[in-house]
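Treat the numbers as computed from the prediction; the structure is a model and nothing was measured.
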Amino acid sequence: MKRFKSALAAVLAASIMLASCGGGGGGGPTTGSSGPSTDVYRQLYGSELTTLDYVATGTTVEYSLLSNTVDGLVDFDRYGNPAPALAERWEHNDDYTEWKFYLRQGVMWYDYKGEELGEATAHDFVTAAKYANEAETDASNQYMFEFVKNAQLYFEQSADRLEAANAVADKEAASIEDFYVANGINPDEFIAFDEVGVKAEGDYTVVYTMEAPCTFFLSCLSYNAYLPIYGPLLEEAGSSFGTDITNIAFNGAYIFSEYEPNVKRTLTKNENYWDAENVGIKRIEYIYNADEVTIAPTMARNGEVDFAIIGADILDSWMKAEGTKDIIHNSMPNPSFAYFYNFNFEPRFDAQYEPDNWLIAVNNENFRKSMFHALDRVKAISVYEPYDPQKFLINTITPRTFTMLGSVDYTELGNLNAISSSDSFSASKALEYKELAIPELEAAGATFPIKVLMPYNPATTDWDKECQVVQQQMQDVLGRDYIEIIIEAGPATGFLSAIRRTGNYAFMKCNWGADYADPATWTEAFTFNNSYGFFYTNENRVLSEKPATNKTAATQAIVDEYYSLIDAAKEIPLDFEARYNAFANAEAFLIDHAFAVPFYMSREDGYTIDRIDPFTIPYAPFGVSRYHYKGRVILDKSMGMDEYQAAYDKWHSEWKSLQK
């Protein structure tokens, strides 16, 4: 069995009002006479849940909590290796087109009171797969089924059925049949779900058939869309599934035992869990406070809660003060998310920011390269990470340590190797490309300075400060006669929809999260169905492969070549060396032509006070495993920096030894 060595970005708009429910796992003190509790973990939260539908949600605050209550087929350990969960073992055929999972027997479903409901079986995975692939469910992570035979076809046909029914209900069509005729839909071609590649062979074996060879399917199973649903409960609950804790069932390490919106939520250890001996934390208590960010540090310092993020505004003083300097530590680099500065080829911002002038500039490769080399990324990262910014800096879109080819990091393969070992910041190169760009831009009709609209989300801590650093630093390198970077606050709510997805920016920090353990996942931000940069769209924002009016012929040629490289890499399913090198060369091509500026990888929570031993947390740069509390250990006190660094060095040495 291959050992995989190594997303999550989507937002579910839910309007369900959650009922207040309580019961099971009563309270009790969180500290005792002998000192802080090591089996109760307390933290504040300031963002409320909108749904408890753990299969449909794409919101981190929801699936991070709920995935602790439902086991899937596989999990990932603290080194990123696949580990058994509900599946005791698994196998695949020679070309990775069929995966078979053998379930452990006697695992039960429970309600929020801890009362037994029934046994977890293979049928629950089929039930969940059908549910996730019904358009009416509106599952945010349904796209993770794209690798399963006929799943996408079934989903699209269910969307046709739903649209037809809605049209009739809204009196926009006389009948469903009329709707189909008017829209060129042949219902005779609709498939039943039993033609989708998810099957139960008896009660304890589930089989997935792929559309094409899929070597990385285990990592897909880490997504919440693949979690099981207790069939009888779903049938009984109907549209009420996931509206409160009385309408979901639990088979995992924890039971969601108490929930009062805007007050508290509690997870209680499932004492009947199949792997209960590895669940050391007995209660996880979430306490609501709208001022969580502000008051959590003080409460953590005083021992009232066990976790707090230490923001840049107090970090320096707290790192020096008695009583706090020895309990603050950094977070591990997290290769599940990469941040990069993106150039927008479809400017949809106000005329005062001169979108037509920007369009001329962004289509000029020398202009893009001048900005590419002018960005001092270390200085920008220092806003968040003043002590060790290089630790999180990445020179490629794919973060280092995300995936390996044997003992070689993916970022060291092919043409990426030269990029990953260099720093893109070079004032001299930036000025060289500036001198090349100026006459070309003037000939194309551009005027100077080029206005560069750079928005930020005011709800994201310190993003405004980063923008100020970048503005001053890049204008100092290139000159204010060449570029004028304009910082503008976007909306705190709906930022992505209002800014990035509508092309309301020129140059902006964006991010992408890994969906599965294969380099292909990092190309998806730049493909036809994603709103990053828009170098593939035409003026009317129609996603197509046709040459677009927002691109010059030179830009179009680069885009076409990039997609050719990606397509060729995808056609190499089983030769890992050839596949990884092909993707590495495609990524290098994108960076070499300055379509994006790699920036840094995620830091999880940054600097924290946290009594959890961070090296007992599952390590998986995709899916939900890294949010699991199973296996975590609570320390008597939060680690300080020296203790953390020694533990990190030990963990990293062990992790690296497993990559051979």
Enquirer: Identify whether the distance between the nearest side-chain nitrogen and carboxylate oxygen of Lys379 and Glu466 falls below 4.0 Å.
Expert: no
Enquirer: Would you say that Thr411 contacts Glu587 through its side chain, given a criterion of any heavy-atom pair below 4.5 Å between the two side chains?
Expert: no
Enquirer: Aromatic contact between Phe526 and Phe340, with the criterion being ring centroids under 6.0 Å apart: yes or no?
Expert: yes
Enquirer: When the aromatic ring centroids of Phe615 and Tyr644 are compared, is their separation below 6.0 Å?
Expert: yes
Enquirer: Within a radius of less than 6.0 Å around CG of Asp642, do more than 12 heavy atoms belonging to other residues, nucleotides or ligands occur?
Expert: no
Enquirer: Side chain of Lys325, backbone of Gly640: donor and acceptor closer than 3.5 Å?
Expert: no
Enquirer: Drop me the distance from Tyr629's OH to Ile634's CD1, to the nearest 0.5 angstrom.
Expert: 9.0 Å
Enquirer: Answer yes or no: is there an ion pair linking Lys650 with Glu654, defined by an N-O contact shorter than 4.0 Å?
Expert: yes
Enquirer: Is the gap between the ring centers of Tyr341 and Phe599 under 6.0 Å?
Expert: yes
Enquirer: Looking at Thr51, Thr57, Asn224, which hits side-chain hydrogen bond (donor to acceptor under 3.5 Å, both in side chains) with Glu62?
Expert: Thr57
Enquirer: For a quick test of reading the model, state the closest non-hydrogen atom pair linking Tyr45 to Val263 and the distance between them.
Expert: OH-N, 3.8 Å
Enquirer: Just by distance, with hydrogens left out, do Tyr143 and Asp515 show a side-chain donor and acceptor under 3.5 Å apart?
Expert: yes
Enquirer: Compare all side-chain heavy atoms of Asp605 with those of Thr608 and state whether any distance is below 4.5 angstrom.
Expert: yes
Enquirer: Passes ring-ring contact (aromatic ring centres under 6.0 Å, His included), Phe507 versus Phe343? Steps please.
Expert: CA-CA 5 Å; Phe507 185 65; Phe343 293 94; 4.9 Å; yes
Enquirer: Side-chain contact, heavy-atom cut-off 4.5 Å: Asp75 with His628?
Expert: yes
Enquirer: What's the separation between atom CG in Leu65 and atom OG1 in Thr60, rounded to the nearest 0.5 Å?
Expert: 12.0 Å
Enquirer: Assess whether side chain to side chain contact (heavy atoms under 4.5 Å, CB included) is satisfied between Tyr226 and Cys220, documenting all intermediate values.
Expert: CA-CA 8 Å; Tyr226 282 93; Cys220 298; 4.2 Å; yes
Enquirer: Between Arg283 and Asp39, does any side-chain N to carboxylate O distance fall below 4.0 Å?
Expert: no
Enquirer: Please name the pair of heavy atoms, one in Asp71 and one in Ala85, separated by the smallest distance, quoted to 0.1 Å.
Expert: OD2-CB, 4.3 Å
Enquirer: Could you go through Ile245 and Ile255, starting from their C-alpha distance and side-chain angles, then the distance that decides it, and tell me whether this counts as side chain to side chain contact (heavy atoms under 4.5 Å, CB included)?
Expert: CA-CA 10 Å; Ile245 60 175; Ile255 289 171; over 6 Å; no
Enquirer: Under 4.5 Å between any side-chain heavy atoms of Ile617 and Arg632, yes or no?
Expert: yes
Enquirer: Please find out if less than 6.0 Å separates the ring center of Tyr79 from that of Tyr619.
Expert: no
Enquirer: Backbone N or O of Ile485 within a donor-acceptor pair of the Gln471 side chain at under 3.5 Å?
Expert: yes
Enquirer: What class does the angle between the rings of Phe256 and Tyr259 fall in, given that below 30° is parallel, 30 to 60° is tilted and above 60° is perpendicular?
Expert: tilted
Enquirer: Taking the six-membered ring where the residue is Trp, are the ring centres of Phe495 and Tyr456 under 6.0 Å apart?
Expert: no
Enquirer: Side chain of Thr69, backbone of Leu66: donor and acceptor closer than 3.5 Å?
Expert: yes
Enquirer: Is the side chain of Arg611 donor-acceptor paired with the backbone N or O of Arg42 at a distance under 3.5 Å, no angle test?
Expert: no
Enquirer: For the atom pair CD (Glu285) and CZ (Arg265), what is the distance rounded to the nearest 0.5 Å?
Expert: 13.0 Å
Enquirer: Does Lys391 pair with Glu385 as a salt bridge, N-O distance under 4.0 Å?
Expert: no
Enquirer: I need the Asn289 CG to Thr294 OG1 distance, nearest 0.5 Å.
Expert: 9.0 Å
Enquirer: Show the numbers, then the answer: is there a side-chain hydrogen bond (donor to acceptor under 3.5 Å, both in side chains) between Asp610 and Ser638?
Expert: CA-CA 5 Å; Asp610 189 357; Ser638 176; over 6 Å; no
Enquirer: Could you give the distance from OH (Tyr41) to OH (Tyr286), rounded to the nearest 0.5 Å?
Expert: 8.5 Å
Enquirer: Side chains of Gln468 and Asp464: any donor to acceptor distance under 3.5 Å?
Expert: no
Enquirer: Keeping Asn344 on the side-chain end and Gly503 on the backbone end, is there a donor-acceptor pair under 3.5 Å?
Expert: yes
Enquirer: Ignoring hydrogens, what is the shortest heavy-atom contact between Ala517 and Phe622? Give both atom names and the distance.
Expert: CB-CE2, 3.5 Å
Enquirer: Can you tell me how far apart CD (Gln472) and CZ (Arg480) are? Round to the nearest 0.5 Å.
Expert: 7.0 Å
Enquirer: Around Asp636, counting heavy atoms of other residues, nucleotides and ligands shown, do more than 12 lie under 6.0 Å from its CG?
Expert: no
Enquirer: Please check this pair: side chain of Ser336 against backbone of Pro621, looking for a donor-acceptor N/O pair closer than 3.5 Å.
Expert: no
Enquirer: Can a donor-acceptor pair be found, under 3.5 Å and without considering hydrogens, that links the side chain of Ser426 to the backbone of Lys429?
Expert: yes
Enquirer: Please check if any side-chain donor atom of Lys630 sits under 3.5 Å from a side-chain acceptor atom of Tyr273, or the reverse.
Expert: yes
Enquirer: Just by distance, do the side chain of Asn457 and the backbone of Gly490 share a donor-acceptor pair under 3.5 Å?
Expert: no
Enquirer: With a 4.0 Å cut-off on N to O distance, would you call Arg400 and Asp409 a salt bridge?
Expert: no
Enquirer: Suppose we call two aromatic rings close when their centres sit under 6.0 Å apart. Are Tyr600 and Tyr339 close by that rule?
Expert: yes
Enquirer: Report yes if some heavy atom in the side chain of Asn330 is under 4.5 Å from a heavy atom in the side chain of Met641; otherwise report no.
Expert: yes
Enquirer: Please report the closest heavy-atom contact between His373 and Ser424, naming both atoms and the distance.
Expert: ND1-O, 2.6 Å
Enquirer: Does the side-chain hydrogen bond (donor to acceptor under 3.5 Å, both in side chains) test come out yes or no for Thr398 and Thr396, once each step is laid out?
Expert: CA-CA 5 Å; Thr398 304; Thr396 54; 5.7 Å; no
Enquirer: Looking only at atom types and distance, does a side-chain atom of Asp518 sit under 3.5 Å from a main-chain N or O of Ala520, one as donor and one as acceptor?
Expert: yes
Enquirer: Are the side chain of Ser497 and the backbone of Gly494 linked by a donor-acceptor contact shorter than 3.5 Å?
Expert: no
Enquirer: Could you walk me through whether Ile612 and Leu635 pass side chain to side chain contact (heavy atoms under 4.5 Å, CB included), step by step?
Expert: CA-CA 6 Å; Ile612 293 285; Leu635 304 171; over 6 Å; no
Enquirer: What closest approach, in Å, do Pro297 and Ile309 show between heavy atoms, and which atom pair accounts for it?
Expert: CG-O, 3.6 Å
Enquirer: Can you give me the closest heavy-atom contact between Phe76 and Ala620, atom names plus distance?
Expert: CB-CB, 3.8 Å
Enquirer: Determine whether Thr401 and Trp655 make a side-chain contact, defined as any pair of heavy atoms from C-beta on separated by less than 4.5 Å.
Expert: yes
Enquirer: Evaluate Arg377 against Val597 for side chain to side chain contact (heavy atoms under 4.5 Å, CB included), listing each step before the verdict.
Expert: CA-CA 9 Å; Arg377 300 168 305 149; Val597 187; 4.2 Å; yes
Enquirer: Could you tell me if the side chain of Pro491 sits less than 4.5 Å from the side chain of Ile499, heavy atoms only?
Expert: yes
Enquirer: What I'd like to find out is whether the side chain of Phe250 reaches to under 4.5 Å of the side chain of Ile248, using heavy atoms alone.
Expert: yes
Enquirer: Are Trp512 and Tyr532 close enough that their ring centers fall under 6.0 Å?
Expert: yes
